[in-house]
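Keep in mind that this is a model prediction, so the values were computed, not measured. Numbers restart at 1 for each chain; the letters A, B, ... are given by sequence-line order, proteins then strands.
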Number of protein chains: 2
Amino acid sequence: MARNVEFDESLAIQKAMEVFWKKGYNATSLRDLTDAMQINSSSLYNTIGDKQELFVRCVQHYTDIRKQDWEKRLASKRSPLAVLVDYIHEAVKVIINGEDSCMAVKSAFEVATNDERVKQILAADDQRCYQFLHDLIKKSMDKGEIRNDEDPALLADYFNSTWTGWYESFILHRDPVKIKRMAEYFIRQLTK
Amino acid sequence: MARNVEFDESLAIQKAMEVFWKKGYNATSLRDLTDAMQINSSSLYNTIGDKQELFVRCVQHYTDIRKQDWEKRLASKRSPLAVLVDYIHEAVKVIINGEDSCMAVKSAFEVATNDERVKQILAADDQRCYQFLHDLIKKSMDKGEIRNDEDPALLADYFNSTWTGWYESFILHRDPVKIKRMAEYFIRQLTK
DNA sequence: AATATTATGAAACGTTTGTTTCAGAATTAG
DNA sequence: CTAATTCTGAAACAAACGTTTCATAATATT
């Protein structure tokens with residue numbers, strides 16, 4: 001027998017995520033957040049909680065979106081190698097055209113070292129990406145699309161950790177050609 | 001005709017660097033810094049400047065140390081491949097045993113996106129690491145120590161960006177074996 | 001329609017932030 | 001020794017921080 005929450009919580013989380021993504025955890029103030037979310041701080045504290053809790057929810061939201069993307073790609077009818085190559089090309093596009101870097105990577109270095117919950121969420125996200133790559137590599141090997149003289153688990157680990165450096169490179173040099181060349185080498189390693 | 005600065009400036013920079021390295025730029029307060037440096041904030045502002053200026057000096061100091069290390073390794077009498085492999089193994093040790101992640105990487109993601117001077121310093125540092133790798137790879141190819149069917153500039157770029165992901169992986173999973181296996185694969189790519 | 005309950009907005013909370021001030025201690029040059 | 005200059009330490013600064021309070025508005029249930 002009382003009123004309901006007025007604002008759309010998932011939309012508010014989305015808006016907060018965008019701010020955290022761009023500025024990072026520590027450089028984002030609560031006013032930055034409530035401005036973007038268009039809610040009062042009392043509403044924030046009544047529903048979601050404090051800044052840390054909000055950040056956890058935002059990181060969770062960020063990784064949820066990625067999870068859905070990987071699941072959709074794995075369900076594709078195309079050949080595993082085609083899905084893998086397509087994914088790499090889209091990753092390059094995101095790095096080159098995206099205004100901001102990857103929120104998962106930024107949060108891993110800035111927050112995961114101090115916040116156990118954020119670390120768990122990002123570790124789970126990383127594990128899913130590994131699984132995504134491992135599935136595609138294994139299937140490609142079984143179908144004879146790529147060479148199979150290396151352990152697919154090792155390749156998945158290696159490739160999974162590779163993107164991170166591409167983000168750093170693009171932050172420092174803003175050279176799209178450099179990223180594209182590395183991606184081509186990346187794919188060549190598998191196929192030749 | 002007046003007194004001199006009392007504290008050792010380079011020692012103070014070193015101490016400040018350690019704090020920034022561990023906590024990151026935004027999570028570090030000026031009191032954290034003056035406590036570690038064991039100086040009063042007035043002395044800090046009189047000699048070095050504000051927080052941003054101090055951070056720039058710390059990042060510069062961090063990259064200076066790396067520069068010296070690369071120069072020393074390049075001057076080695078051993079074979080280029082041996083120097084390269086040795087460097088990779090030591091990089092793995094640093095990742096696995098180091099309490100904190102790489103300050104250059106952390107700063108690239110947290111600060112370089114907003115601070116042009118930090119970005120320039122880190123870009124120059126990255127360029128030097130590229131040059132270090134390129135020199136060793138080129139020489140190894142010329143001596144016939146490794147395969148030469150790929151462009152050494154491309155390999156240097158690719159390898160240079162690879163470490164960053166290893167740091168992220170270790171933050172999230174703390175699995176030394178994983179890092180070691182990736183390093184072995186890394187070396188295998190060159191030699192076989 | 002009355003009532004109990006909850007969400008909201010504005011203001012205020014005590015801390016902490018980065019930075020500045022300034023009197024006095026220290027030191028060098030004449 | 002004197003005097004001019006500079007460094008230091010403690011205190012204070014306003015602004016911004018994350019968070020809480022509370023009166024009021026809103027609504028679902030009876």
Side-chain angles (χ1 to χ4, degrees), chain A residues 1-60 107 110-111 113-118, chain B residues 1-60 106-107 110-118:
Chain A
M1 23 172 139
R3 67 196 280 203
N4 294 326
V5 177
E6 221 171 54
F7 68 97
D8 181 342
E9 192 170 305
S10 67
L11 183 68
I13 294 283
Q14 170 74 28
K15 289 293 177 190
M17 184 195 74
E18 287 167 14
V19 181
F20 275 135
W21 187 350
K22 184 183 212 106
K23 311 188 75 171
Y25 178 78
N26 287 292
T28 300
S29 75
L30 240 108
R31 267 132 188 114
D32 291 334
L33 293 165
T34 49
D35 283 355
M37 299 166 85
Q38 301 211 70
I39 61 170
N40 191 275
S41 58
S42 72
S43 297
L44 172 60
Y45 278 82
N46 272 339
T47 52
I48 296 165
D50 62 11
K51 193 187 174 189
Q52 278 207 69
E53 188 66 41
L54 176 59
F55 186 74
V56 167
R57 295 278 297 272
C58 289
V59 174
Q60 186 65 258
S107 303
E110 194 196 348
V111 187
T113 35
N114 304 313
D115 188 314
E116 188 62 29
R117 293 165 69 199
V118 171
Chain B
M1 18 171 138
R3 70 195 278 205
N4 294 328
V5 177
E6 220 171 54
F7 68 96
D8 181 343
E9 191 169 306
S10 67
L11 183 68
I13 293 283
Q14 170 74 28
K15 289 293 177 191
M17 184 194 75
E18 289 167 12
V19 181
F20 275 134
W21 186 350
K22 184 182 212 106
K23 309 188 76 171
Y25 178 78
N26 287 292
T28 300
S29 75
L30 241 110
R31 269 137 187 106
D32 291 334
L33 294 165
T34 48
D35 283 357
M37 300 166 85
Q38 301 211 69
I39 60 169
N40 191 276
S41 58
S42 72
S43 296
L44 173 60
Y45 277 81
N46 272 340
T47 52
I48 296 166
D50 62 11
K51 192 188 173 188
Q52 278 208 67
E53 189 65 42
L54 176 59
F55 186 74
V56 167
R57 295 279 296 274
C58 289
V59 174
Q60 186 65 258
K106 289 178 73 172
S107 303
E110 194 196 347
V111 187
T113 37
N114 303 314
D115 187 315
E116 188 60 31
R117 292 165 70 199
V118 171

Item to complete: Flag the pair B:L44 / B:L30 as yes when at least one side-chain heavy-atom distance between them is below 4.5 Å, and no otherwise.
Response: yes
Worksheet item: Does the ring of B:Y25 carry B:K106 above it, NZ/CZ under 6.0 angstrom from centre and within 45° of its axis?
Response: no
Worksheet item: Rounded to the Å, how far apart are B:I48 CD1 and D:dC7 P?
Response: 13 Å
Item to complete: Could you state the atom-to-atom distance from CG of B:D50 to P of C:dG18 in whole Å?
Response: 11 Å
Worksheet item: Counting only distance, no hydrogens or angles, is the base of D:dA10 paired donor-acceptor with the side chain of B:N40 under 3.5 Å?
Response: yes
Item to complete: Measure from CG on A:L44 to P on D:dT19 and round the result to the nearest Å.
Response: 9 Å
Worksheet item: Counting just side-chain N and O atoms, does B:S43 come under 4.0 Å of either OP1 or OP2 of D:dT8?
Response: yes
Worksheet item: Among the nucleotides D:dT8, C:dG18, C:dA10, which one has an atom lying closest to any side-chain atom of B:Y45?
Response: C:dG18
Worksheet item: In terms of side-chain geometry, is the basic nitrogen of A:R57 or A:E9 positioned less than 4.0 Å from the acidic oxygen of its partner?
Response: yes
Practice prompt. Name the closest nucleotide to the A:F7 side chain, picking from C:dA12, C:dT8, C:dT19.
Written response: C:dT8
Worksheet item: Rounding to a whole Å, what distance do you find between A:D32:CG and D:dC17:P?
Response: 7 Å
Worksheet item: Hey, are B:R117 and B:E53 close enough for a salt bridge, meaning a charged N less than 4.0 Å from a carboxylate O?
Response: yes
Worksheet, complete the sentence: Between NZ of A:K51 and C1' of D:dC17 the distance, given in whole Å, is 9 Å
Practice prompt. Can you spot which of A:V59, A:L54, A:D32 makes a side-chain contact (heavy atoms from CB on, under 4.5 Å) with A:F20?
Written response: A:L54
Worksheet item: Taking atom P of C:dT16 as reference, at what distance in whole Å does atom CZ of A:R31 sit?
Response: 16 Å
Worksheet item: 5'-most contact on DNA chain C: B:S29 or B:N4, nearest heavy atom basis?
Response: B:S29
Worksheet item: For A:G49 and B:I39, take the nucleotide of DNA chain D holding the closest heavy atom to each; which residue's nucleotide lies nearer the 5' end?
Response: B:I39
Worksheet item: Counting any heavy atom closer than 4.0 Å, what does B:T34 reach on the DNA or RNA strands: base, sugar-phosphate only, or nothing?
Response: nothing
Worksheet item: Below 3.5 Å, does any donor atom in the side chain of A:S42 face an acceptor in the base of D:dT19, or the other way round?
Response: no
Discussion item. Taking the nucleotide of DNA chain C with the nearest heavy atom to each, does A:N46 or B:L30 sit closer to the 5' end?
Written reply: A:N46
Practice prompt. Please tell me which of A:Q52 and B:Q38 maps to the more 5' nucleotide of DNA chain D, matching each residue to the nucleotide holding its nearest heavy atom.
Written response: B:Q38
Practice prompt. Find the distance B:E53:CD to C:dT19:P and express it as a whole number of Å.
Written response: 11 Å
Worksheet item: Should A:S41 be listed as having a side-chain N or O under 4.0 Å from OP1 or OP2 of D:dT19?
Response: no
Practice prompt. Round to the nearest Å and state the distance from B:D35 atom CG to C:dT16 atom C1'.
Written response: 14 Å
